[in-house]
Peer 1: 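Please read through the structure below; I'll follow up with questions.
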Protein chains: 2
Amino acid sequence: MTEPSGRRERKKAATRRKIADTALRLFLEHGYDAVGIRDVAAEADVAVTTVFSHFASKEALVFEQDGSFEQRLTRAVTDRAPHEPLIPALHREIEALVRHCLTDEAAPVWRMVDASPALRAHEESTMLRHAESLATAIAADLDPPRTATACRTLARFVVDAYALARDADDPQATVDEVFHMIEAAWEATRPS
Amino acid sequence: MTEPSGRRERKKAATRRKIADTALRLFLEHGYDAVGIRDVAAEADVAVTTVFSHFASKEALVFEQDGSFEQRLTRAVTDRAPHEPLIPALHREIEALVRHCLTDEAAPVWRMVDASPALRAHEESTMLRHAESLATAIAADLDPPRTATACRTLARFVVDAYALARDADDPQATVDEVFHMIEAAWEATRPS
DNA sequence: ACCGTAACACTAACGGTTAGGTTTAAAAAA
DNA sequence: TTTTTTAAACCTAACCGTTAGTGTTACGGT
């Protein structure tokens, strides 16, 4: 059909990035609740409707490039070294993701998220969606297969590890401790 | 101070119940999204502001008597028979709670909740709040104490069991399977 | 009988979100 | 090139949940 070539797409992407950048800047400067969509639109020099044609909601402006999270989780399962056990691979990936949240670049955003109920709620439900796709990735990639329930449960436990570690005093240690429990839970699903 | 006696309180309770009943009826009849707060207020013959003086949000109209959930979870921990192990007590309670959701009375409401993103999001975040208070209840009531992280993790796993069972094909079996994993995870936290 | 106050009402607005219909400019067709 | 089509962005105006401001009523304590 339409070969993806050209100015139109570039302009669209530029508009999108301009909106997202402007929004994040304003949010961090003045606080998420203090900045309205109309403010974002004005500062980015676009119409309000344009904002919503690029982003489904105000919260989505904050989690702009969050497609990566789901990808990284599922790839940690599917792209791992042959015969590498599942849990350590997930352990490593969650640890990396948690560490990324503590970056100087990412930390202020997460502080903002934790401060806003709307943003927290949005994050929680996207986490659950991610857990679902992680569950299917796990189910698809299992040498001795497990129950669908076991896979779904593991997936939820894994995203729990992420969530728990993110607002723990010692995120690093928390990831390890939770994964120690996850490992045991997963062992218990071994078909005898 | 003011002894809680009399007509005023009765009238207030009556108004509250009338609003909640009307709202739930309209929601089930026409769908949650199709019914506005103004519709609820008109049908209950109260002002819109009165609705919000009794309920914090539109979603709260659906989860009217949901204070019981948190209580039942924490009481399953604190009020259990002396020396009864923790996990089976939680197992029984979650099983009972899940079974309650499948009641002819409660099932349509949950179908409605599952159909509405707003309601789902609301439920998810209240679940996480419940997990937090369950975690403190667990931490307070432990013969050989465990890490705060271990308690929080267990609490989240338990509410995961509830959530997973509620939209599983065989809720009963799912509760058992998830709790089998939880039991193993909890064993792994035993101080050696 | 009186007063304080809790419950409710009314109006008007704010902020996120969407629908309707128009303009602009890129892409494809002629 | 010129024409036609299409998709991005615009504007206006509204809808809906929610809240603030400001009464008004009637219950309860004195």
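Below, each value reflects all heavy atoms present in this structure, side chains not excepted, and no hydrogens, waters or symmetry copies. For clarity, every value in this text was computed on a predicted model and none was experimentally measured. So you know, we letter chains A, B, ... as the sequences are listed, proteins then strands, and number each from 1.
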Peer 1: Could you work out which one of D:dA7, C:dC8, C:dT5 sits closest to the side chain of B:Thr50?
Peer 2: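 From the listed options, C:dC8 comes nearest.
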Peer 1: Could you tell me whether the side chain of B:Arg16 and the main chain of B:His54 form a donor-acceptor pair under 3.5 Å?
Peer 2: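 Yes; judged by distance alone, with no hydrogens or angles, the pair exists.
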Peer 1: Answer with base, sugar-phosphate or nothing: what part of the nucleic acid does A:Val35 contact at a heavy-atom distance below 4.0 Å?
Peer 2: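 Sugar-phosphate only.
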Peer 1: Indicate, with a heavy-atom threshold strictly under 4.0 Å, whether A:Ser57 touches base, sugar-phosphate, or nothing.
Peer 2: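 The answer is sugar-phosphate, as A:Ser57 gets under 4.0 Å only of primed atoms, P, OP1 or OP2.
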Peer 1: Are B:Thr147 and A:Glu177 linked by a side-chain donor-acceptor pair shorter than 3.5 Å?
Peer 2: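 Side chains of B:Thr147 and A:Glu177: pair found under 3.5 Å.
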Peer 1: Quick one: A:Leu61 CG to C:dG15 C1', roughly how many Å, whole number?
Peer 2: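 Spelled out: CG on A:Leu61 to C1' on C:dG15 is 14 Å.
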Peer 1: Tell me which residues in residues 11-30 of chain A lie within less than 4.0 Å of DNA chain D, going by non-hydrogen atoms.
Peer 2: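 Only A:Lys11, A:Lys12, A:Thr15 qualify.
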Peer 1: Would the number of heavy atoms belonging to other residues, nucleotides or ligands and lying under 6.0 Å from NE2 of B:His180 be above 12?
Peer 2: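 No.
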Peer 1: Measure the distance from CZ on B:Arg8 to P on D:dG28 and round it to the nearest whole Å.
Peer 2: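 Roughly 6 Å, once rounded to whole Å.
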Peer 1: Ion pair present between B:Arg80 and B:Asp141, side-chain N to carboxylate O less than 4.0 angstrom?
Peer 2: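 So B:Arg80 pairs with B:Asp141 through a salt bridge.
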Peer 1: Residues from residues 39-46 of chain A sitting under 4.0 Å of DNA chain C, heavy atoms only?
Peer 2: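 Hits under 4.0 Å, by residue number: none.
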Peer 1: State, with a plain yes or no, whether a side-chain heavy atom of B:Met181 is found less than 4.5 Å away from one of A:Glu187.
Peer 2: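 They are not in contact (no side-chain heavy atoms under 4.5 Å apart), so the answer is no.
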Peer 1: Among the nucleotides C:dT5, C:dG16, D:dA7, which one has an atom lying closest to any side-chain atom of A:Lys58?
Peer 2: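 Nearest to the side chain of A:Lys58 among the choices is C:dG16.
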Peer 1: Check whether the side chains of B:His91 and B:Asp176 place a donor and an acceptor atom closer than 3.5 Å, and report yes or no.
Peer 2: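 On atom types as modelled, these side chains qualify, holding a pair under 3.5 Å.
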Peer 1: Please determine if A:Lys58 forms a cation-pi arrangement with A:Tyr32, meaning its NZ or CZ atom is less than 6.0 Å from the six-membered ring centre and no more than 45° off the ring axis.
Peer 2: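 Yes; both conditions hold, so A:Lys58 lies above the ring face of A:Tyr32.
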Peer 1: Might you list the N or O atoms of the protein lying below 3.5 Å from N or O atoms in nucleotides 22-24 of chain C, with each pair's distance?
Peer 2:
none

Peer 1: With nearest nucleotide decided by heavy atoms, which residue, A:His54 or A:Arg38, maps closer to the 5′ end of DNA chain D?
Peer 2: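 With A:His54 and A:Arg38 compared, the 5'-side residue is A:His54.
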Peer 1: Between B:Leu128 and B:Ile138, is there shared hydrophobic-cluster membership here, with clusters defined by ILVMFWY side-chain heavy atoms closer than 4.5 Å?
Peer 2: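 In one cluster with B:Leu128: B:Ile138, no.
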Peer 1: Is the shortest side-chain N to carboxylate O distance from B:Arg129 to B:Glu70 below 4.0 Å?
Peer 2: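 Judged by the 4.0 Å cut-off on N to carboxylate O distance, B:Arg129 and B:Glu70 do not form a salt bridge.
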Peer 1: Got a sec? Which of residues 109-126 of chain A come in under 4.0 Å of DNA chain C, heavy atoms?
Peer 2: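 Of all residues in residues 109-126 of chain A, none places a heavy atom under 4.0 Å from DNA chain C.
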Peer 1: Name each donor-acceptor pair under 3.5 Å that joins a side chain in residues 101-118 of chain B to protein atoms two or more places apart or in another chain, with its distance.
Peer 2:
| residue | atom | partner | partner atom | Å |
| --- | --- | --- | --- | --- |
| B:Thr103 | OG1 | B:His100 | O | 2.7 |
| B:Asp114 | OD1 | B:Arg120 | NH1 | 3.2 |
| B:Ser116 | OG | B:Ala118 | N | 3.4 |
| B:Ser116 | OG | B:Leu119 | N | 3.2 |

Peer 1: Where the side chain of B:Thr22 meets the backbone of B:Lys18, is there a donor-acceptor pair that is under 3.5 Å apart?
Peer 2: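 Confirmed, B:Thr22 side chain pairs with B:Lys18 backbone.
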Peer 1: If you assign A:Glu59 and B:Ser53 each to the DNA chain C nucleotide with the nearest heavy atom, which residue ends up on the more 5' nucleotide?
Peer 2: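 Comparing both residues, the 5'-ward one is B:Ser53.
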Peer 1: State whether the side chain of A:Arg146 and the backbone N or O of A:Pro144 hold a donor-acceptor pair below 3.5 Å, judged by distance alone.
Peer 2: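 The answer is yes, because a donor-acceptor pair under 3.5 Å joins these two groups.
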Peer 1: Please report the interatomic distance CZ(A:Arg152) to CD(A:Glu132), rounded to the nearest 0.5 Å.
Peer 2: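 Spacing of CZ (A:Arg152) from CD (A:Glu132) equals 5.5 Å.
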Peer 1: Under the criterion salt bridge (Lys or Arg N to Asp or Glu O under 4.0 Å), I'd like the reasoning laid out for A:Arg25 against A:Glu43: C-alpha separation, chi angles, the key distance, then a yes or no.
Peer 2: CA-CA 10 Å; A:Arg25 180 169 56 79; A:Glu43 181 86 5; 3.1 Å; yes
Peer 1: Measure from CZ on B:Phe55 to P on D:dG17 and round the result to the nearest Å.
Peer 2: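 Rounded to whole Å, this separation is 15 Å.
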Peer 1: Could you state whether B:Ile87 and B:Tyr162 fall into the same hydrophobic cluster, counting links through intermediate Ile, Leu, Val, Met, Phe, Trp or Tyr residues with side-chain heavy atoms under 4.5 angstrom apart?
Peer 2: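 Looking at the clustering, B:Tyr162 is in the same group as B:Ile87.
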Peer 1: Using nucleotides 19-23 of chain D, report all nitrogen or oxygen pairs with the protein that are shorter than 3.5 Å.
Peer 2:
none

Peer 1: Could you tell me whether a side-chain N or O of B:Arg156 sits under 3.5 Å from a main-chain N or O of B:Ala131, the two making a donor and an acceptor?
Peer 2: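 Flag not set: sc B:Arg156 to bb B:Ala131 has no pair under 3.5 Å.
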Peer 1: What is the distance from CD of A:Glu9 to P of D:dT6, rounded to the nearest Å?
Peer 2: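 Those two atoms, CD and P, are 17 Å apart.
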Peer 1: Tell me the interatomic distance from A:Tyr32, atom OH, to C:dG15, atom P, rounded to whole angstroms.
Peer 2: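 Between P of C:dG15 and OH of A:Tyr32: 14 Å.
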